J.: 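My questions all concern the structure below.
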Amino acid sequence: MEKEKVKLRIYGMTCDDCVSTVTAGLKKQKGVIDVKVSLKDGTGEVNINNKEVKPEELLRNEVFTRPSHYKAIIIND
Amino acid sequence: MSEPEKFDLVIIGRGAAAFSAAIKASELSNGEMTIAMVGTGPIGGTCVNVGCVPSKYLLEASHSVFKPAHPRMPGLHETEVKYDFSKIMEGLRSYVSHARDSKYVKVIENYSNVKLFTGLGSFLDKKTVVITGPDGKEVGKVSGSNILIATGSHPSIPNIKGLSNTGFITSDTIWEMNELPESVAIIGGGAIGLEIGQALLHFGSKVIVIEAMDSILPQTEGEIREALKKELESEGMRFYLRARVSAVSRSGNWKSLDVITHKGNEKITVKEIIVATGRQPNTEYLNLERVDVKTDPRGLIITSDTMKTSASGIYAAGDCVSKNMFLETLAAREGVVAVSNIFGENIKIDYNSTTWAVFTNPQVAGVGMTEREFSKMNGSCSTRTFSLLNLTKASITGETEGLIKIVVDPKDNRIVGMQILAPNATDIITEGAYAVRNGYTIDDVISTSHIFPSFSEGVKLAAQSFIRDISKMACCVE
Ligand SMILES: Cc1cc2nc3c(=O)[nH]c(=O)nc-3n(C[C@H](O)[C@H](O)[C@H](O)COP(=O)(O)OP(=O)(O)OC[C@H]3O[C@@H](n4cnc5c(N)ncnc54)[C@H](O)[C@@H]3O)c2cc1C
């Protein structure tokens with residue numbers, strides 16, 4: 001297993017419920033190890049097993065696809 | 001050293017590709033994505049300022065002068081239209097300024113998430129762009145996890161002896177002109193040269209086109225470009241094909257061109273020279289080597305069909321991208337594709353069903369593959385070329401010098417290409433685009449209702465010509 005940290009900018013979050021929805025959505029995805037979402041920064045840190053999921057696949061998670069109004073991009077510092 | 005201002009997306013350029021990308025990104029993120037748009041020159045880039053918009057304005061004005069003087073129906077008298085060229089050019093500039101304001105400047109003001117920076121952008125590293133002012137001094141730095149290069153192109157100037165001393169105009173500078181030149185030599189017989197050439201011809205200039213290849217518009221089907229050339233010649237345009245300008249000089253108010261043709265050398269003397277020999281990408285100052293963004297030998301940026309460059313996190317769109325068609329519509333689409341993929345959507349650019357056009361009168365428009373391209377790829381192909389002589393609408397208006405060519409895959413009758421020479425080819429080609437994009441067959445076109453009498457009916461008749469002899473057909477046969 002190759003553990004990789006992926007940083008996301010997440011758009012469309014307005015409250016703690018949004019944080020829970022996005023976190024739960026990401027956690028369901030195969031290959032996701034853990035998720036930390038910040039409402040204040042509009043970001044998320046996702047640890048993945050990159051043998052099972054590619055960083056870009058996180059962006060196609062159900063929580064980021066219509067009719068959901070959340071969207072994300074990958075940001076790297 | 002100043003710290004870069006951070007953004008989610010940095011866009012270098014502020015033309016069609018940049019605007020469509022910024023607007024799409026804003027829509028996808030509900031206006032939350034922070035975007036830096038770094039650009040030089042007037043907002044809106046080539047299309048609105050020095051490209052599509054002024055050229056179509058000039059052509060329309062010129063047709064309004066030309067057509068009444070050349071009526072095509074019996075009983076209509078030749079009518080000379082009085083006009084003031086400098087006022088037409090004033091009107092053109094004022095329209096451009098209105099279009100720039102309403103379609104670009106005011107539009108972007110509505111997006112508070114987009115911050116405009118004026119200056120030339122170049123890469124410091126894969127995430128940082130340095131902005132320099134006209135004096136070459138740094139005016140700021142911006143950084144982003146994703147960067148879109150949308151820097152467009154500019155006219156390329158051939159290396160001809162005496163050209164810069166003699167003086168010439170290009171599609172960047174012609175819009176400042178106030179006096180109609182009595183005669184012009186246009187170097188280059190591509191879309192831009194022919195459009196500007198016919199506009200000036202219709203106002204009354206003598207126009208000579210000098211082209212290095214053996215035909216005008218080499219991307220078009222042979223029949224179509226030959227028919228267009230014949231029509232332009234009948235209006236008085238002169239062509240030198242397979243000809244090269246070796247030197248240029250000035251004598252008083254006249255400009256002379258030494259032209260090497262296959263028949264020998266000739267000297268052409270005119271009032272003005274227009275250079276329309278193609279365009280080159282604005283990639284020179286971007287510092288692309290520093291960030292490993294690969295370019296082709298022409299300096300165009302190589303991308304995948306998802307608009308990704310060879311460097312991760314860096315995308316490109318518009319006229320700076322390595323491809324065969326350079327269009328506003330394509331620039332805008334590529335901007336959308338790039339941004340959608342930044343959001344993980346995995347969409348691809350489809351060049352094959354992209355429509356292109358030349359706005360001469362008659363217009364030329366096309367989509368998909370030519371006969372030669374499809375045959376080369378597939379080994380065989382089936383085509384029909386329908387003449388507007390057989391189209392009722394064209395016979396009524398007297399505009400019969402046109403053709404519609406359809407290329408079909410003989411395996412299943414799917415339409416794989418269409419080219420049209422007709423007064424309104426740019427409007428009716430969309431039917432070809434639907435057909436190519438969705439894999440429609442000639443039977444799909446035949447069984448679709450078309451208005452009689454109309455030019456669009458010509459597309460249906462062109463499809464019917466695969467199954468019967470159109471010249472022997474009554475106009476009501478389905
Ligand atoms: C005369 C003419 C007629 C045309 N007619 C048509 C037509 O009828 N239909 C059609 O579809 N297409 C037409 N085109 C083509 C169309 O105009 C272009 O394909 C389109 O405008 C390209 O858009 P773009 O965003 O890629 O580039 P541009 O619009 O050129 O924008 C690029 C911008 O980036 C800026 N820039 C360049 N380098 C840098 C840098 N390093 N840093 C910051 N900024 C930079 C430039 O100044 C410019 O503002 C025509 C073109 C011409 C010249």
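In this text the structure is predicted, and so the values were computed from the model without any measurement. The chains referred to below are lettered A, B, ... by the order of the sequence lines, with proteins before strands, and numbering in each begins at 1.
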J.: Relative to chain B, which segment of I10(A) carries a heavy atom at a distance below 4.5 Å: side chain, backbone, both, or neither?
T.: backbone
J.: Of all heavy-atom pairs between S145(B) and I74(A), which one has the smallest distance, and what is that distance?
T.: CB-O, 3.8 Å
J.: What pairs with F326(B) under ring pair (Phe, Tyr, Trp, His ring centres under 6.0 Å), at least two apart in sequence or on another chain?
T.: none
J.: Not counting sequence neighbours, which residues clear ring pair (Phe, Tyr, Trp, His ring centres under 6.0 Å) with F123(B)? List them please.
T.: none
J.: Does a sphere of radius 6.0 Å around CD in E62(A) hold more than 12 heavy atoms from other residues, nucleotides or ligands, not counting ones at 6.0 Å or beyond?
T.: no
J.: In this structure, are over 12 heavy atoms from other groups packed under 6.0 Å from Y351(B) atom OH?
T.: yes
J.: Between M33(B) and I73(A), which heavy-atom pair has the shortest distance, and what is it?
T.: CE-CD1, 3.6 Å
J.: Which atom pair, heavy atoms only, marks the closest approach of L28(B) to K71(A)?
T.: O-CG, 3.1 Å
J.: So with a 6.0 Å cut-off around CG of D16(A), is the heavy-atom count from everything else above 12?
T.: no
J.: Determine the minimum heavy-atom distance between R60(A) and N346(B), stating which atoms define it.
T.: NH1-CB, 3.7 Å
